[in-house]
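Since the structure comes first, as structure tokens, the remarks are kept for the end.
Please read these numbers as outputs of a predicted model, since none were measured by experiment. Order of the sequence lines sets the chain letters (A, B, ...), proteins ahead of strands, with each chain counted from 1.
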Number of protein chains: 2
Amino acid sequence: MELEIKNLLKQQGFSATKTRMAVLGAILKMQPASMQQLISALPDVDRATVYRTVDLFVELNIAKKVHTGFKYRVELSDSFQEHHHHLTCLRCGTVLDVHTPEIEYAIDQTASSNGFRPVRHDLEIIGYCAQCS
Amino acid sequence: MELEIKNLLKQQGFSATKTRMAVLGAILKMQPASMQQLISALPDVDRATVYRTVDLFVELNIAKKVHTGFKYRVELSDSFQEHHHHLTCLRCGTVLDVHTPEIEYAIDQTASSNGFRPVRHDLEIIGYCAQCS
DNA sequence: CTACTATTGCAATTTTGTCGCAATTTGTTA
DNA sequence: TAACAAATTGCGACAAAATTGCAATAGTAG
């Protein structure tokens, strides 16, 4: 995975620097990761650089920003892992990943029946997990 | 609508002040409205008051925060208008409201099949509208 | 190795959101 | 309606989050 992305960066004319690889590593390890989490996990990388690197990753479609609760978090884009949604627990904060064809289908149907051509979508489900219910 | 909410406020032990009604009016007119939009639309209301008022509305389930693009916006809660989702056009910025039972059903199914008790959800569809496709 | 370009850290700044408190407004009671 | 108590608001300071310009550094090609 790291190698694949390293090549993608070079291919697009960007360097696969240690710093960028460090940010990538943190995203891989913590996803979905908030900016604050990434920043604290990378004490040797400047805050501004973390922001700029994440923005670069988003532009290159390596990562994407999703919402869990009321702030966005960063995770690998759908090109590098299966498209999925998050179930966020209000009590313990656990984030569960789910993939459901039915939801995808319903979303596409709804969009096209409105003459809308969907590019992407973002679904966030908030509630209580099995343990906290 | 304003009257209904005025009564709800009083009923809950809060005053329906001019300031609060002004914030409500701005939400009604601009929804979904970003905090910055609300703040600029209400030059005579202090920034802190706008935040406090929106928070109060959210607590009382008069308004809710939703995501369109990458910051949250404020709109009336589902108690005062039909639950819906947004189709946001990348080109012209139009936001289309849609309501689809199929999506709701699929979301509930997915949540419960994971032992998750959903409280609310937020779906945002990004793409191109009929005119801009 | 040298020279050029991209990347990074740093510091300053902007934007966003919060807090305590004094002043004002609102609601109540007489 | 006058006056008091409680709720609400504005103000100013502050804190946190995000962005920017620029100089120093690291990466890359020849």
Angle between terminal axes - the helix from dC1(C)-dG30(D) to dA30(C)-dT1(D), 5 pairs each end, rounded to 10°: 30°

Is the gap between the ring centers of His85(A) and His121(A) under 6.0 Å? yes

Residue pair Ser15(B)/Thr49(A) against DNA chain C: nearer the 5' end by closest nucleotide is Thr49(A)

How many angstroms lie between atom CD1 of Ile5(A) and atom CZ of Phe80(A), to the nearest 0.5 angstrom? 4.5 Å

Would you call Lys65(A)-Asp55(A) a salt bridge at under 4.0 Å N-O? yes

Please state whether the phosphate of dA26(D), meaning OP1 or OP2, lies under 4.0 angstrom from any side-chain nitrogen or oxygen of Thr17(A). no

Whole-Å distance, Lys18(B) NZ to dT25(C) P, equals 9 Å

Would you please test Gln31(B) and Gln37(B) for side-chain contact (heavy atoms from CB on, under 4.5 Å) and show each step? CA-CA 10 Å; Gln31(B) 65 172 332; Gln37(B) 287 178 317; over 6 Å; no

Would you check if there is a donor-acceptor pair between the side chains of Glu104(A) and His99(A) at a distance under 3.5 Å? no

In whole angstrom, what separates Leu9(A)'s CG from dG27(D)'s P? 14 Å

As an exercise, state the distance from NE2 of His86(B) to CD of Glu75(B), rounded to the nearest 0.5 Å. 3.5 Å

Note: Ala16(B) and Lys6(B) closest approach over all heavy atoms is CB-CG, 3.4 Å

Working to the nearest 0.5 Å, report the span between CG of Leu87(A) and CG of Leu123(A). 8.5 Å

Which atom pair, heavy atoms only, marks the closest approach of Asn61(B) to Ser79(B)? ND2-OG, 2.9 Å

Verify, without hydrogens or angle tests, whether Asp46(A) (side chain) and Ala48(A) (backbone) share a donor-acceptor contact under 3.5 angstrom. yes

Walk me through it: do Glu102(A) and Thr110(B) pass the test side-chain contact (heavy atoms from CB on, under 4.5 Å)? CA-CA 9 Å; Glu102(A) 287 75 27; Thr110(B) 298; 5.6 Å; no

Residues of residues 19-30 of chain B with a heavy atom under 4.0 Å from any atom of DNA chain D, listed by number, are Thr19(B), Arg20(B)

Return the polar atom pairs (N/O with N/O) between nucleotides 17-24 of chain D and the protein under 3.5 Å, or none.
| from | atom 1 | to | atom 2 | distance (Å) |
| --- | --- | --- | --- | --- |
| dA18(D) | OP2 | Gln36(A) | NE2 | 3.0 |
| dA18(D) | OP2 | Tyr51(A) | OH | 2.5 |
| dA18(D) | O5' | Tyr51(A) | OH | 3.2 |
| dA18(D) | N7 | Arg47(A) | NH1 | 2.9 |
| dA18(D) | N6 | Arg47(A) | NH1 | 3.4 |
| dG21(D) | O6 | Arg52(A) | NH1 | 3.4 |

Measure CZ/Phe14(B) against C1'/dT25(C) and give the value in whole Å, please. 17 Å

